[in-house]
Amino acid sequence: MNKRVMVITGTRKGIGRYLSEYYLEKGFIVIGCSRSESDLTHENYEHFCLDVADEKAVKKMISSISKKYGKIDYLINNAGIASMNHSLLTPLSVVEKIFKTNVFGTFLFCREVAKIMSKNKFGRIINFSTIGVPFRLEGEAIYTASKAAIEMLTKILAKEFSNMNITVNAVAPTPAETDLIKNVPSNKIQNLLNRQAIKRFSKYGDILNVIEFFINQKSEMISGQIIYLGGIS
Amino acid sequence: MNKKMIAKEICKIVNDYFESQDMDIIAEENTVLFGSESVLDSMGLVNVIVDIESRFLDENYEISLTSEKAMSRRNSPFRTISTLADFIEEQIAANEESDE
């Protein structure tokens, strides 16, 4: 199997869809997933309908990929949900939902995919954080806390997986014009953009650029890093 | 799959691991995998567990060696190849029962 195999979560729309189309164009085999069906059709694309926090379903998906393709080269943990609300107005059910998708989902995919990557002694894992973490954004306590958990997971898994030649990094975009922020008032978003060194929305291409750097063959010394877009540190 | 077959499969996997690490040891049923007398270091044990899970999955036996049940037992199922074979046999039997 010479073709490179990439797993991307949350591929039905937004950044996940964009990344799927980009890497399919580059000749990769892309396996995506989302809770509902995808209308993306391509001979090298396969879609799984699942909840990323469903352990059984994730295990089944990864083992079937392993059987079919014999390897997984890259994992992009893009699936994520947000809820922008004051903590005093946030029900526990929302907290659970956000942590399940963002943290448990990312963990499950890292764990199951790393088992396959370890056999080939090669792998690149990319997680998604947010600039909300360094900004410690009020009104986003739970979403940001879940992303802070992902950052720490990224840094520790980088150590645990290093002897298998698997790197684990994260990209942390500024707000991008996706469904994730569609319900946030525009003045809130503008205030946030004003706090950035580079005061604009992230474009999909900005995120792709960081992913390209992480998955580059020459990036084998890059692991446990969180790259913030927009000039934030 | 009975205990003898399971133990034989585990021995094969552990021997493959020893070979990959240039370790001059041959695994047998009483080979110690976990604890102070273990022939494996902690990462070695992780690698072997992952290999066992995936090798059994290839044969369509879905086992999970990292369950809470395994971790909380008074006597670790990972102690020797023989105890691990007992634990896997139990899991396969439980899975077959729940499928019925």
Side-chain angles (χ1 to χ4, degrees), chain A residues 1 5 7 31 48 50 52-73 75 100 103-125 153 155-168 223-224, chain B residues 1 6 9-23 33-34 38-72 77-78 84 87-88 90-100:
Chain A
M1 161 73 58
V5 179
V7 172
I31 303 104
F48 286 76
L50 54 78
V52 292
D54 180 342
E55 184 173 19
K56 257 196 166 167
V58 173
K59 278 182 129 175
K60 212 168 156 191
M61 170 181 170
I62 302 305
S63 77
S64 86
I65 296 169
S66 169
K67 276 184 189 164
K68 191 164 175 185
Y69 303 106
K71 65 166 187 172
I72 297 172
D73 299 298
L75 165 66
K100 267 190 176 167
V103 184
F104 302 174
T106 297
F107 170 73
L108 272 178
F109 270 87
C110 285
R111 188 187 73 190
E112 291 308 310
V113 171
K115 287 178 186 174
I116 310 303
M117 288 174 165
S118 70
K119 289 189 202 168
N120 288 324
K121 293 261 177 243
F122 176 82
R124 300 269 194 265
I125 297 176
L153 202 58
K155 291 174 185 178
I156 295 177
L157 295 188
K159 288 183 175 178
E160 291 190 355
F161 295 170
S162 67
N163 66 342
M164 304 166 201
N165 202 21
I166 300 170
T167 65
V168 190
S223 198
Chain B
M1 207 180 214
I6 295 168
E9 197 59 37
I10 301 173
C11 283
K12 230 192 276 172
I13 294 163
V14 176
N15 279 326
D16 284 350
Y17 179 77
F18 288 156
E19 209 183 301
S20 73
Q21 301 296 307
D22 291 326
M23 291 163 78
L33 302 177
F34 180 71
S38 172
V39 290
L40 298 168
D41 60 14
S42 57
M43 272 319 289
L45 182 61
V46 170
N47 283 323
V48 164
I49 289 172
V50 168
D51 282 348
I52 292 171
E53 277 187 358
S54 75
R55 196 83 68 93
F56 276 80
L57 194 62
D58 287 345
E59 302 293 322
N60 287 323
Y61 291 106
E62 202 182 319
I63 53 167
S64 181
L65 302 180
T66 49
S67 63
E68 268 183 73
K69 212 170 143 191
M71 298 302 179
S72 60
F78 305 120
L84 189 52
F87 183 61
I88 293 173
E90 254 177 59
Q91 281 218 359
I92 291 174
N95 288 350
E96 279 168 359
E97 239 171 66
S98 67
D99 285 345
E100 277 166 15

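Protein chains get the first letters and strands the later ones, always in sequence-line order, with residue 1 at the start of each. Nothing here was measured: the structure is a model prediction, and the numbers come from that model.
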- Query: Rounded to the nearest 0.5 Å, how far does OG of A:S63 lie from CD of B:E53?
  - Reply: 11.0 Å
- Message: Looking at A:F122, I want to see if its CZ is surrounded by more than 12 non-hydrogen atoms of other residues, nucleotides or ligands under 6.0 Å.
- Response: yes
- Message: With rounding to the nearest 0.5 angstrom, report the NZ to CD distance, A:K56 to B:E62.
- Response: 6.5 Å
- Note on the structure: In short, B:M43 meets A:E160 closest at the heavy-atom pair CE-O, 4.1 Å
- Gap separating the NZ atom of A:K67 from the CG atom of B:L57, nearest 0.5 angstrom: 5.0 Å
- Message: Are the side chains of A:K59 and B:S64 in contact, using a 4.5 Å heavy-atom criterion?
- Response: yes
- Message: For A:K60, which atoms come within 4.5 Å of any heavy atom of chain B: side chain, backbone, both, or neither?
- Response: neither
- Item | A:K119 atom NZ: more than 12 heavy-atom contacts under 6.0 Å | yes
- Neighbour count >12 (heavy atoms, 6.0 Å) for atom CD, B:E19: no
- Query: Where does A:K115 contact chain B at under 4.5 Å (heavy atoms): side chain, backbone, both or neither?
  - Reply: both
